[in-house]
Every structure is written in structure tokens, then in C-alpha cells.
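Heads up: the structure comes next, in C-alpha cells.
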Amino acid sequence: MFSSKLVELKKAAKLTIELSKSDLKNRYVGSILGILWGFIQPLITILIFWFVFQVGFKSMPVDDFPFILWLMCAMIPWFFFSDSLNGATNSIVESSYLVKKVNFRVGILPLVKILSSFYIHIFFIIFLFIMFFIYGYNFSIYNIQVIYYLIATVMLLLGFSYLTSSLVIFLKDVGHLVNMLLQFCFWITPIFWSLDILPEKYMFLMKLNPIYYITEGYRYTFIYEQWFWEKPNLTLYFWLFTIVNLLIGLFVFKKLRSHFADVL
Amino acid sequence: MENIAIIANKINKKYKLYNNPIDRLKDSFNFNVNKRGKYSREFSALNDISFEIKKGESVGIIGKNGSGKSTLLKIITGVLTPTSGFMKANGNISAILELGAGFNPEQTGLQNIYLSGTIMGYTREQMEERVSEIIDFADIGEFINQPVKNYSSGMYVRLAFSVAISVDPDILIVDEALSVGDIRFQQKCLRKIEEMKRNKTILFVSHDLLQLNKFCDRLIWINEGELKGDGNPEDISKQYQAFMAGSSLDTYVEDEAIDMQEGNAEIDPIDNSLQMFGDNKAKIIGISMLNANEKKIFQTKIGDKIMIAINVNYKEAILNPIIGFSIKDRIGNIVTQTNTFVLEQQLNNAIPNKSYIYKFEFQVPPLKNGTYTVSPAVASGSQFEHIQHCWVHDALIIKIDDKQGFDLEGFMVLDSVSFDTIQN
């Protein structure tokens with residue numbers, strides 16, 4: 001019994017990987033530059049922000065660090081998060097042809113989207129290392145932490161994705177809502193601005209945002225050289241949030257799963 | 001247990017119908033069990049369906065539209081979960097459901113071949129071995145590199161069927177889909193199915209009873225979610241045909257007030273929805289095919305003695321009426337016709353408000369396998385100049401079995417052919 005479950009799990013994992021590969025290809029199908037767009041778009045956005053803040057507003061280096069590096073550290077995980085959530089939310093609706101016609105593990109569809117964004121994210125992490133190297137920073141042991149924060153991001157994403165991807169089937173508005181909230185989050189999360197500019201009493205509020213834990217975490221990894229356990233309260237809060245969020249997501253998904261084929 | 005392919009035990013499927021998707025959402029999260037269902041109406045698609053299908057059996061499923069055939073197939077494939085009951089299929093299933101095979105409309109045919117393979121658990125390499133075979137069988141030419149959304153329904157089903165059979169399933173499920181393909185592709189598929197019949201389990205949904213009789217070892221008949229019959233194809237298809245004829249009787253009595261007492265109970269009344277024309281001085285109110293024992297039949301064989309009985313009700317007096325009928329094939333070609341004028345039968349003058357039954361007795365001509373329609377008519381005058389009183393298009397649908405093992409082209413069967421080789 002157990003081994004047959006294992007075989008099934010292995011099959012599902014293989015299918016997820018295969019589907020995520022073809023998803024990556026399909027995203028930019030028809031365009032000449034193809035998959036390159038997946039890299040060009042975030043790069044341009046980073047460049048715009050860098051231009052506006054460093055060249056335009058003459059922002060000073062934050063904590064004695066080149067602004068571009070400081071910005072990229074938070075921007076890159078943010079792109080991963082928003083890209084995945086956007087994709088995952090529509091993943092089931094998009095693949096209705098599978099849900100309705102084939103006996104299929106629908107649960108892997110949000111995962112497929114997260115995984116295909118993950119590939120692009122891996123590229124950007126490498127890009128980040130290269131940028132640091134160009135600016136004359138060497139590899140440090142703290143950089144290893146990026147794996148931990150990657151796992152944290154994916155866990156957070158899973159909870160949200162299962163929730164939104166199943167709700168959007170019944171309520172189209174969820175898709176627009178996710179889009180809007182992501183925009184909102186981009187501005188309220190300290191990505192291109194430092195939390196230090198806020199008065200002390202509001203800082204606490206900002207820290208409730210679980211995405212802050214991730215964007216700040218990437219900065220700990222690459223810039224401030226701090227371990228995640230050095231912030232035990234925030235870490236504990238993040239994981240509590242993530243686990244509850246994941247449980248809610250899975251519960252909703254399981255509840256609604258049997259209706260998918262009827263509604264789509 | 002080992003030689004059972006599919007077990008269905010007391011399968012029930014109830015659909016909840018909601019006025020809008022939000023109600024469904026509310027209902028799903030309603031923890032108060034008593035309140036559950038207050039947003040929905042229930043519709044029972046399948047009721048206590050139980051059967052077992054042995055490995056290697058070919059089973060046809062029949063039933064009128066909306067009777068639950070597709071729902072049943074979806075439950076067997078696992079796309080839908082039954083509300084209650086137990087369903088188990090041994091072996092991997094390949095299915096073409098309702099013109100769909102899980103193709104991504106945005107991707108090309110070729111990409112979809114790989115996608116289906118991936119979902120069925122085949123590696124890219126394994127699929128590569130099959131691709132050329134699939135493309136050959138589908139035979140859709142250049143379109144294989146076009147997005148599936150641009151396909152015609154025929155091309156779609158060609159590709160779907162080719163993929164479905166290529167993955168070497170233990171159980172093949174074919175839902176009506178094939179009827180979309182042209183006749184040549186249908187024949188090709190049927191030959192393939194015939195070939196697969198030897199060692200695979202096949203489930204086949206079709207409205208073509210002759211086809212089912214030919215291919216299936218067994219028929220399952222579902223009517224409005226109930227298992228109505230299960231067994232020998234010949235018996236079940238007869239019951240089914242009789243049932244379908246009977247159900248049209250009900251609708252007729254409801255909306256037509258002509259006194260049926262004068263008519264013969266054996267003759268089926270004409271469905272009111274049928275197209276009629278004429279000056280309405282006479283009305284054809286019933287038509288049936290009868291066998292030599294004057295029992296109503298719907299299917300006959302070449303060479304059998306049959307009767308076409310036509311029931312006519314006259315509104316006005318008509319001098320020497322002429323009664324006749326045409327037999328048309330499936331696509332509307334008139335294959336033969338006759339009437340009382342050419343038969344040199346002088347009929348008595350018809351009396352108003354009386355019904356007459358006319359019977360034509362003849363031997364079934366050597367027509368090819370298939371469905372034919374009979375269109376009866378009443379006129380007066382002569383063959384060359386007449387007034388049409390009533391003509392009903394396709395009033396009766398009959399099936400003719402040509403007893404041939406092969407599907408040859410043409411309209412007719414060449415009967416009692418003798419053959420000889422002469423050597424010089």
C-alpha cells in the first residue's frame with residue numbers, strides 16, 4: 001500500500017516537472033525572443049527603479065551598499081512571489097481541458113506554475129551572485145541561507161495558491177483581487193524603500209506582512225550577513241502564518257475539488 | 001477477480017444545480033448539515049447502477065440523449081466521482097470523452113501528443129517511438145503543426161483517437177466521438193477497434209444500433225439514470241427500439257385529438273413535429289412496418305416479407321385517392337418509391353371523417369446496411385397530374401440489415417453472385 005503510494009507520488013512529481021517545462025515554453029510561445037522575455041521584463045523593471053531612485057532622486061546608498069544591489073535583493077524574490085501567485089491563481093481555470101477530460105491530479109496545477117516561475121528565479125539568483133561579484137563582493141557562508149528562504153517562499157506561495165486557484169473557479173473576481181493586492185503589496189512591502197524611514201510605532205505593522213520576512217531575508221543573506229535564527233520572533237511568526245495559511249488553502253482546495261469538473 | 005476489468009456497484013451520481021457559482025461556494029462551506037442543499041436543486045444523473053465487465057469484453061452503452069451515458073463513462077475514467085457507490089477499473093484507461101481528449105487548444109497537435117503521453121505516464125522517449133505511428137493514423141497532414149484550436153472537429157477526433165489507441169490501454173472508452181469523423185476514418189477506427197477487441201476491454205457509446213450489434217458482445221441500456229437492460233445485443237437493441245417508439249406515442253396523444261379508436265392499435269401515430277405538406281383534405285395519422293405475422297418491427301433484413309401500413313384520415317370526400325410512399329437513405333436520396341396508381345389499384349372514394357388503413361406488402365430490396373426513412377403520401381388524380389393532400393417527410397425510420405460481413409461501397413447489395421474463372 002505504502003509503496004504504491006510512493007510510486008504514485010513519483011509519477012506525480014515527474015508529471016509536475018514535465019508540465020512545468022512545457023509551461024515555461026508556452027508562456028512566451030509565438031514571440032521571437034521567446035523565453036528571454038521572462039528575463040528581460042524583470043531586468044528592465046529593476047533598471048527603471050534603479051534609474052529613478054539613484055539617478056533621478058539621487059538616493060544615497062542604503063547602509064553603505066550600492067542601491068542597485070540592495071534593490072535587487074528584495075526585488076528578485078518579489079518577482080518570484082508575484083509571478084507564481086498570478087500564474088497559480090489561474091492555473092486550474094487555464095487547464096480546464098485537463099480537469100474535465102482526463103483523470104488527473106488537479107492539485108499539481110498550481111505547483112506547476114510555481115515551479116516554472118522557480119526556474120526563472122534560479123536564473124536571477126545566479127544573476128544576483130554575478131552582480132555581487134562584479135561589485136567586488138565575495139561569496140560568504142551566509143549566502144547558503146538563500147535555500148532556506150527559497151523554501152520559505154514556496155511554502156508561503158503554496159498556501160495562497162491553493163486558496164486562490166480554487167476560489168477563482170467559482171468567483172472570477174478573485175483573479176482581479178489577487179492582481180490588485182499584489183500591486184498594493186509591492187508598494188507597502190519595503191522593497192525599494194527602507195523600513196528605517198518609517199516611525200518606530202508603524203514598523204511593527206509592516207513586519208506582520210509575511211512577504212517582508214522574505215524580502216528582508218534575502219537581504220540578510222546577501223547584504224547584512226545575519227542568520228534567520230537571529231530573528232527568532234519574526235521567524236516564528238512567519239512559520240505560524242505560513243502553516244495556518246497552508247492548512248486553510250489545502251482545506252478549501254479539498255472541499256472544492258470535487259466541484260471543479262462540474263463548474264469549469 | 002483477475003478477469004474483471006470494471007466493477008460498478010450501486011453507483012449514484014447526483015448533481016446539485018445552483019443558480020450561480022457563489023451559491024455552490026456557500027453550500028460547500030456550509031457546516032450546518034441541515035441547511036445544506038438550501039441553495040440547490042438536486043438532479044439525479046445515475047441511480048443505483050451496478051454491473052461487471054470482464055476483461056476482453058466489448059460492451060456497448062445505449063440510451064437516449066441525457067440518459068447518463070457520458071456521466072457513467074466519466075465516472076469509469078475517474079474524471080467525476082460518484083456521489084455514492086463503488087467503482088473500480090483494473091488497468092489503465094484511455095478514453096475519448098465527448099469530443100475531448102484533454103488537449104491544450106493553444107498547443108500544436110504534435111505538442112499535444114507529448115502532453116497526453118506525459119499525463120498517461122510515458123516518458124518523452126517512449127512517446128517519440130509512437131509519434132510517427134500516431135501522425136500516420138490521424139492523417140491530418142500539415143495541421144499536426146498547427147494549434148489544436150484551429151482544427152475542425154473531424155481533425156480533432158482523428159488525433160484524439162490516434163493518441164488514445166497508441167498508448168496501448170487495457171480499457172478503451174469511446175464516447176460517440178467517432179460519429180464526427182468521415183465515413184472512411186470511422187471505418188478505419190472500427191477496424192482498429194475490431195483488432196483491439198481480441199485482448200482489450202472496450203466500452204463503446206453510439207446511437208448506431210447496427211454498429212453496436214456488430215461490434216459488441218453485450219449491450220448496457222441506461223434510461224434516465226436507471227439501468228434498463230444488460231445483456232445480449234440483439235435482445236437489448238430490440239427492447240430499446242420498441243421503447244423509443246413507445247415514448248413518441250406519449251407525446252402524440254397529448255397534443256392531437258384525432259379519434260384513434262378507428263385506427264389500428266398496431267400502427268404508430270405520426271410524430272407531430274414532422275414536416276408535412278398538402279392541402280389537408282386528408283391526413284396521414286399513422287405508419288408502421290410490420291412483419292409477415294403483422295407484428296410491428298423497426299429492423300428488417302434483405303429478402304424478408306414486410307408490410308408498410310399507412311393510416312389515413314379523410315377530412316373531405318376524395319375521389320379515387322392515391323396512396324404511396326418513398327424510401328430514402330440516410331442522406332436523403334430516394335432509393336425507391338411506389339403508389340397505388342402505378343400499381344393499378346383503383347381505390348374507392350374516401351368518405352369524410354373516416355380512417356382507412358392501407359397496407360403495402362413487399363420483399364425488402366437488396367439495400368445496403370443502414371437507416372432508411374419512409375415518407376408516405378396521399379394524393380388524387382394521376383401519376384402525371386395530381387393534387388397532394390398530405391405528404392409526411394421521414395415519417396418512419398427503419399433499419400435494414402444486409403447480412404454482409406463487409407462494408408462495401410454503393411447503395412445496393414449484389415445478391416446471389418456466381419463467380420467463375422476461365423483459363424485460356
Side-chain angles (χ1 to χ4, degrees), chain A residues 7-30 90-91 93-106 108-109 112 163-164 166-175 248 251-264, chain B residues 13 15-18 20-31 43 45 71 73-83 89 92-108 111-112 114-124 127 147-149 160 164 173 175:
Chain A
V7 168
E8 202 144 293
L9 213 65
K10 219 171 128 187
K11 252 173 91 176
K14 232 170 81 183
L15 183 57
T16 311
I17 292 168
E18 279 300 319
L19 286 178
S20 66
K21 277 194 219 154
S22 72
D23 179 67
L24 199 58
K25 268 185 236 154
N26 287 329
R27 267 195 218 195
Y28 306 100
V29 80
N90 296 316
S91 59
V93 177
E94 223 173 72
S95 301
S96 59
Y97 58 91
L98 287 179
V99 182
K100 281 195 295 188
K101 305 285 185 199
V102 201
N103 183 11
F104 185 75
R105 253 174 203 273
V106 183
I108 72 168
L109 288 173
V112 166
L163 185 72
T164 57
S166 46
L167 283 180
V168 79
I169 298 168
F170 304 90
L171 267 173
K172 280 253 159 60
D173 314 56
V174 171
I248 293 173
F251 172 76
V252 169
F253 184 84
K254 260 207 140 96
K255 267 270 177 213
L256 297 178
R257 161 82 183 85
S258 58
H259 295 284
F260 289 171
D262 299 340
V263 186
L264 281 169
Chain B
K13 177 74 185 174
Y15 280 108
K16 286 180 175 171
L17 303 178
Y18 298 86
N20 63 51
I22 297 194
D23 285 348
R24 186 188 289 268
L25 205 61
K26 283 184 196 157
D27 208 27
S28 307
F29 290 108
N30 202 337
F31 293 102
F43 168 74
T71 307
L73 292 190
K74 281 187 171 178
I75 289 175
I76 294 173
T77 41
V79 175
L80 291 177
T81 39
T83 313
N92 62 330
I93 301 178
S94 184
I96 312 175
L97 297 173
E98 289 176 335
L99 310 185
F103 285 166
N104 183 346
E106 299 297 329
Q107 292 191 347
T108 68
Q111 286 171 322
N112 269 302
Y114 285 109
L115 175 71
S116 300
T118 310
I119 289 165
M120 300 278 298
Y122 289 92
T123 63
R124 212 182 156 81
M127 282 316 280
V148 167
K149 65 180 174 187
I173 294 179
D175 189 0

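Note that the structure is predicted; figures quoted are calculated from it, not measured. Residue numbers begin at 1 in each chain, while the letters A, B, ... track the order of the sequences.
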* Nearest heavy-atom neighbours spanning B:Val79 and A:Val99 ->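 For B:Val79 versus A:Val99, the nearest heavy atoms are CG1-O, 3.6 Å.
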Counting only heavy atoms closer than 4.5 Å, note whether [X] contacts chain A via side chain, backbone, both or neither.
{"X": "B:Glu106", "value": "neither"}
{"X": "B:Tyr15", "value": "side chain"}
{"X": "B:Ile119", "value": "both"}
{"X": "B:Thr118", "value": "both"}

* **A:Leu19 side, atom CG; B:Asn104 side, atom CG - distance, nearest 0.5 Å** =>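 The CG atom of B:Asn104 is 10.0 Å from CG of A:Leu19, to the nearest 0.5 Å.
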* **B:Thr81 OG1 to A:His259 NE2 distance, which is reported to the nearest 0.5 Å** =>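 B:Thr81 atom OG1 to A:His259 atom NE2 measures 9.0 Å (nearest 0.5 Å).
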* ring-ring contact (aromatic ring centres under 6.0 Å, His included) partners of A:Phe253, counting only residues at least two apart ->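 With sequence neighbours excluded, A:Phe253 shows a ring-ring contact (aromatic ring centres under 6.0 Å, His included) to A:Tyr162, A:Phe260, given in chain and number order.
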* Intermediate values then yes/no, side-chain contact (heavy atoms from CB on, under 4.5 Å), B:Leu115 and A:Tyr97 -> CA-CA 12 Å; B:Leu115 175 71; A:Tyr97 58 91; 4.0 Å; yes
* Which region of A:Leu167, side chain (C-beta onward) or backbone (N, CA, C, O), has a non-hydrogen atom less than 4.5 Å from a non-hydrogen atom of chain B, or is it both or neither? ->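 Just the side chain, heavy atoms under 4.5 Å.
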* To do: Can you tell which part of A:Val106 gets under 4.5 Å to a heavy atom of chain B, answering side chain, backbone, both or neither?
  =>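 For A:Val106, there is no contact with chain B at all, as no heavy atom is under 4.5 Å.
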